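These numbers were taken from a predicted model, which means no experiment stands behind them. Below, chains carry the letters A, B, ... as their sequence lines are ordered, and counting in each starts from 1. When reading the values below, keep in mind they use all heavy atoms of this one structure, side chains included, and skip hydrogens, waters and symmetry mates.
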Amino acid sequence: MSIVSDELVNWWGRARRDLPWRAPGVTAWQILVSEFMLQQTPVARVAPIWLDWVARWPTPPATASASAADVLRAWGKLGYPRRAKRLHECATVIATEHDDVVPDEVDVLLTLPGVGAYTARAVACFAYQKRVPVVDTNVRRVVARAVHGLAGAASPSAVRDLADVEALLPADESAPAFSAALMELGATVCTARSPKCGICPLTFCAWRAAGHPAGSGPARPAQRYAGTDRQVRGRLMDVLRASSAPVLRAHLDVVWLSDPAQRDRALDSLLVDGLVEQTADGRFALAGEGG
DNA sequence: CTCCAGGCGG
DNA sequence: CCGCCGGGAG
């Protein structure tokens with residue numbers, strides 16, 4: 001038994017969240033911006049940042065002409081600031097090589113910095129209504145449960161599930177609504193932790209039918225954060241975002257006193273990533289300050 | 001502790 | 001394929 005498109009899309013019509021990037025008049029570029037921000041980041045944290053962002057930089061050329069440092073500051077504490085850098089680069093590529101127009105073909109979208117298998121299809125589908133499978137963590141979980149009767153996605157590879165979802169896609173123009181509904185169901189009903197099966201719109205679910213069997217744990221063990229280089233990088237970036245002028249090394253050193261070697265490694269990695277630059281007098285600043 | 005509209009480099 | 005890339009909320 002497969003997922004019935006009609007009952008899912010009908011539910012979507014009345015239960016969909018009123019997210020800002022779904023409003024009328026939102027452009028393909030602005031949808032692309034939302035997809036960058038939503039990579040591994042919950043909707044609630046993205047919404048306010050996205051609203052400020054698209055008001056300030058509504059188009060690819062507007063974004064490309066901003067300084068990298070301003071982009072990193074506007075990104076704020078969304079996390080994974082390399083995404084902000086890639087978004088900036090993506091705007092530059094679109095402005096210089098695509099005549100300011102976001103590509104509508106998956107193959108072309110995939111050539112853009114920061115655009116992978118999910119984001120390319122999400123833009124083609126939600127910005128251009130293309131009939132392409134859109135597979136994110138929500139879709140994988142919903143399909144694993146409703147179709148395969150499993151507690152969660154079997155393999156750690158999302159790409160492998162593309163063919164699965166392709167087979168589920170409606171043949172007509174309702175495909176984008178179907179994909180949006182699949183994602184919405186996973187985000188709000190068929191959640192990872194405590195799925196609300198009592199309000200699920202699907203009349204058949206293989207997982208429910210099988211009595212909600214437990215899985216064998218997550219496909220990939222959750223990664224730690226506390227004490228990692230990522231936490232140190234986050235603290236360093238926090239100091240640099242807050243300062244409009246380059247800061248002394250000593251101001252950075254105080255954010256992580258317990259392990260100087262780790263702190264040095266984190267700072268070096270930020271330099272290597274092109275997120276931070278060192279000035280001629282040895283101080284540090286966000287990369288691309290003023291230009 | 002877990003999870004979150006992933007992508008990339010090794 | 002594997003490990004790393006933030007940070008906040010439940």
Among B/dC4, C/dG7, B/dG6, the one nearest any side-chain atom of A/D136 is B/dG6
How many angstroms lie between atom CG of A/L32 and atom CZ of A/F126, to the nearest 0.5 angstrom?
-> 13.5 Å
Main-chain N/O of A/V54 paired with A/W29 side-chain donor or acceptor, under 3.5 Å = no
Phosphate contact (B/dC4 OP1 or OP2) by A/R141 side-chain N/O below 4.0 Å = yes
Strand-adjacent residues in residues 69-82 of chain A, judged by heavy atoms under 4.0 Å from DNA chain C = A/K77, A/L78, A/G79, A/Y80, A/P81, A/R82
Atom P, compared across C/dG8 and B/dG7: separation rounded to whole Å = 23 Å
May I have the distance from A/W256 (atom CH2) to C/dG6 (atom P), rounded to whole angstrom?
-> 13 Å
Any side-chain N or O of A/R160 under 4.0 Å from OP1/OP2 of C/dC1?
-> yes
Please give, in whole Å, the distance from C/dG8 P to A/M237 CE?
-> 14 Å
In whole angstrom, what separates A/M183's CE from B/dC3's C1'?
-> 15 Å
At under 4.0 Å between heavy atoms, what does A/D273 touch on the DNA or RNA strands: base, sugar-phosphate, or nothing?
-> nothing
Test item: side-chain donor near acceptor, A/S269 and A/R233, under 3.5 Å = yes
Whole angstrom is fine here: how far is it from CG in A/L112 over to P in B/dG7?
-> 12 Å
When all nucleic acid strands are considered with a 4.0 Å heavy-atom cut-off, which category describes A/S269: base, sugar-phosphate, or nothing?
-> nothing
Between A/Y225 and C/dG6, does any side-chain N or O lie under 4.0 Å from OP1 or OP2?
-> no
Here the distance between atom P of C/dG6 and atom CG of A/L240, to the nearest Å, is 13 Å
What distance, rounded to whole Å, do you find between the two C1' atoms, one in C/dC5 and one in B/dC4?
-> 15 Å
With heavy atoms under 4.0 Å as the rule, sort A/R17 into base, sugar-phosphate or nothing.
-> base
A/V26 side chain reached by A/W50 side chain, heavy atoms, under 4.5 Å | yes
Is A/T137 near enough to B/dC4 that one of its side-chain N or O atoms lies under 4.0 angstrom from OP1 or OP2?
-> yes
May I have the distance from A/R235 (atom CZ) to C/dC5 (atom C1'), rounded to whole angstrom?
-> 18 Å
Let me know, please, whether A/R193 or A/L270 comes out on the 5' side of the other along DNA chain C by nearest nucleotide.
-> A/L270
What is the nucleic acid contact for A/A192, judged by heavy atoms within less than 4.0 Å: base, sugar-phosphate only, or nothing?
-> sugar-phosphate
Tell me: CG of A/L87 to P of B/dG6, nearest whole Å?
-> 16 Å
For residues A/R83 and A/T41, is any side-chain donor paired with an opposing acceptor at under 3.5 Å?
-> yes
With a 4.0 Å cut-off, would you call A/D238 and A/R241 a salt bridge?
-> yes
Within the structure, does a side-chain N or O atom of A/R233 lie under 4.0 Å from either OP1 or OP2 of C/dG6?
-> yes
Among B/dC1, C/dC5, B/dA5, the one nearest any side-chain atom of A/Q223 is C/dC5
Does the side chain of A/V43 come within less than 4.5 Å of A/W21's, by heavy atoms?
-> yes
Please check if any side-chain donor atom of A/Y118 sits under 3.5 Å from a side-chain acceptor atom of A/Q39, or the reverse.
-> no
When you compare B/dA5 with C/dG3, how far apart are their P atoms, in angstrom units rounded to a whole number?
-> 24 Å
Locate the shortest heavy-atom distance separating A/R283 from A/P246; write the atom from each residue and the value.
-> NH1-O, 3.5 Å
Any A/C190 side-chain heavy atom under 4.5 Å of A/W207 side chain | no
If you round to the nearest 0.5 Å, how far is CG of A/L78 from CG of A/L38?
-> 9.0 Å
Per the under-4.0 Å heavy-atom filter, residues of residues 18-50 of chain A near DNA chain C come out as A/Q40, A/T41, A/P42, A/R45
Here the distance between atom P of C/dG3 and atom CZ of A/R224, to the nearest Å, is 14 Å
